[in-house]
Amino acid sequence: MERGFQERVLALVARIPQGRVMTYGQLALLAGTPGAARQAGQVLNGLLGHTPLPWHRVINAQGRVSTHKIGFGDVQEGLLRAEGVAFDDSGRCDLDALQWWPDDAPERTLPPAPLL
DNA sequence: AGTCTGACACCCG
DNA sequence: ACGGGTGCCAGAC
């Protein structure tokens with residue numbers, strides 16, 4: 001049943017707490033495939049509308065939703081707002097404050113610590 | 001500081 | 001075996 005990458009991404013998405021977010025690149029990283037951010041996006045693209053998973057809690061590294069193309073932009077933003085996520089005028093949210101990392105994340109998949 | 005562009009990486013059908 | 005795709009990053013404007 002294990003499909004590998006896809007299943008791991010979905011498992012991660014399922015764990016994102018309400019009011020928090022993860023990025024595509026982050027999902028790929030934690031799924032064990034750094035650089036496969038676009039594939040993470042493709043995985044999510046498949047389940048829009050027919051999934052119990054909190055797909056709307058996944059945004060891009062710029063802190064903005066990437067679903068406008070597919071017509072789910074407003075929906076996603078609305079769902080996040082309902083959870084307390086604030087978006088500024090340019091449609092961005094504060095990733096530093098809202099991005100969620102699993103507590104059991106291996107150290108090498110942790111966010112780069114500021115060295116200064 | 002903000003926005004746009006192009007090269008790049010990579011799983012899945 | 002091959003190309004697409006909800007991205008990412010670095011560099012230019």
Side-chain angles (χ1 to χ4, degrees):
Chain A
M1 311 318 251
E2 180 57 67
R3 285 259 198 93
F5 183 79
Q6 183 168 332
E7 290 295 328
R8 273 183 312 243
V9 167
L10 297 180
L12 285 165
V13 173
R15 296 176 50 193
I16 308 177
Q18 188 177 26
R20 305 297 297 278
V21 298
M22 283 183 85
T23 70
Y24 300 98
Q26 182 187 4
L27 283 172
L29 177 65
L30 292 172
T33 314
R38 304 186 67 181
Q39 286 59 262
Q42 282 229 210
V43 170
L44 296 181
N45 182 37
L47 24 95
L48 282 180
H50 25 91
T51 177
L53 297 178
W55 61 270
H56 58 278
R57 294 176 190 153
V58 183
I59 62 182
N60 60 33
Q62 283 79 52
R64 321 213 283 125
V65 299
S66 299
T67 50
H68 294 293
K69 283 177 148 179
I70 330 172
F72 279 84
D74 295 327
V75 178
Q76 179 170 15
E77 212 173 294
L79 286 170
L80 287 173
R81 279 204 158 100
E83 297 184 352
V85 175
F87 288 89
D88 62 20
D89 299 316
S90 51
R92 280 181 301 188
C93 67
D94 187 356
L95 265 186
D96 292 320
L98 300 174
Q99 184 169 21
W100 177 78
W101 289 84
D103 338 301
D104 56 353
E107 187 172 329
R108 78 164 162 306
T109 63
L110 288 178
L115 294 180
L116 299 190

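Naming convention: chains lettered A, B, ... in sequence-line order (proteins, then strands); numbering from 1 in each chain.
For the pair A:L27 CG and B:dC10 P, the computed distance is 16 Å after rounding to whole Å. Here C:dC9 presents its P atom at 12 Å from CD of A:Q26, a figure rounded to the nearest Å. Between A:L29 atom CG and C:dC8 atom C1' the separation is 12 Å, expressed in whole Å. Taking atom CD on A:Q62 and atom P on B:dT5, their separation rounds to 14 Å, with Å as the unit. Atoms CG (A:D89) and P (B:dA1) sit 18 Å apart, rounded to a whole Å. Regarding A:L95, its CG atom lies at a distance of 14 Å from the P atom of C:dG7, rounded to whole Å. As rounded to whole Å, 12 Å separates atom P of C:dG7 from atom CD1 of A:I59.
Here the shortest heavy-atom pairing between A:Q26 and A:W100 reads NE2-O, 2.8 Å.
By the side-chain hydrogen bond (donor to acceptor under 3.5 Å, both in side chains) test, A:E77 is found to be paired with A:R81, residues two or more places apart in sequence or in another chain being considered. For A:D104, the side-chain hydrogen bond (donor to acceptor under 3.5 Å, both in side chains) partners at least two apart in sequence or on another chain are A:R15. By the salt bridge (Lys or Arg N to Asp or Glu O under 4.0 Å) test, A:R92 is found to be paired with no residue, residues two or more places apart in sequence or in another chain being considered. Under the salt bridge (Lys or Arg N to Asp or Glu O under 4.0 Å) criterion, A:D88 pairs with no residue, sequence neighbours left out. When the side-chain hydrogen bond (donor to acceptor under 3.5 Å, both in side chains) test is applied to A:E83, the partners found at least two apart in sequence or on another chain are A:H56, A:R57. Taking the side-chain hydrogen bond (donor to acceptor under 3.5 Å, both in side chains) definition, one finds that A:Q39 meets it with nothing, sequence neighbours left out.
Shown are A:I59, A:I16, A:T23; of these, the side chain to side chain contact (heavy atoms under 4.5 Å, CB included) with A:Q99 is made only by A:T23.
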Distance-only criterion, 3.5 Å: show the donor-acceptor pairs between side-chain atoms of residues 27-34 of chain A and protein atoms not counting sequence neighbours.
none

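Summary of the strand contacts: A:A36 and A:R92 both lie near DNA chain B, and taking for each the nucleotide with the nearest heavy atom, the more 5' one is attributed to A:R92.
Using a 4.0 Å heavy-atom criterion, one finds that A:T33 contacts the sugar-phosphate atoms exclusively.
Across B:dG13, B:dC10, C:dC8, the shortest atom-to-atom separation from the side chain of A:Q6 is found for B:dG13. Nearest nucleotide to the A:S66 side chain, out of B:dG13, C:dG7, C:dC8: C:dG7.
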Between protein and nucleotides 2-5 of chain C, what N or O pairs are separated by less than 3.5 Å?
unit_1	atom_1	unit_2	atom_2	d
C:dG5	O4'	A:Q42	OE1	2.6
C:dG5	N9	A:R38	NH2	3.2
C:dG5	N7	A:R38	NH2	3.2
C:dG5	N2	A:Q39	OE1	2.0
C:dG5	N3	A:Q42	OE1	3.3

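When base pairs are accepted only as Watson-Crick or G-U wobble with both N-N or N-O distances under 3.5 Å, DNA chain B takes part in stems of 3 or more pairs at B:2-6 with C:9-13, B:10-13 with C:2-5.
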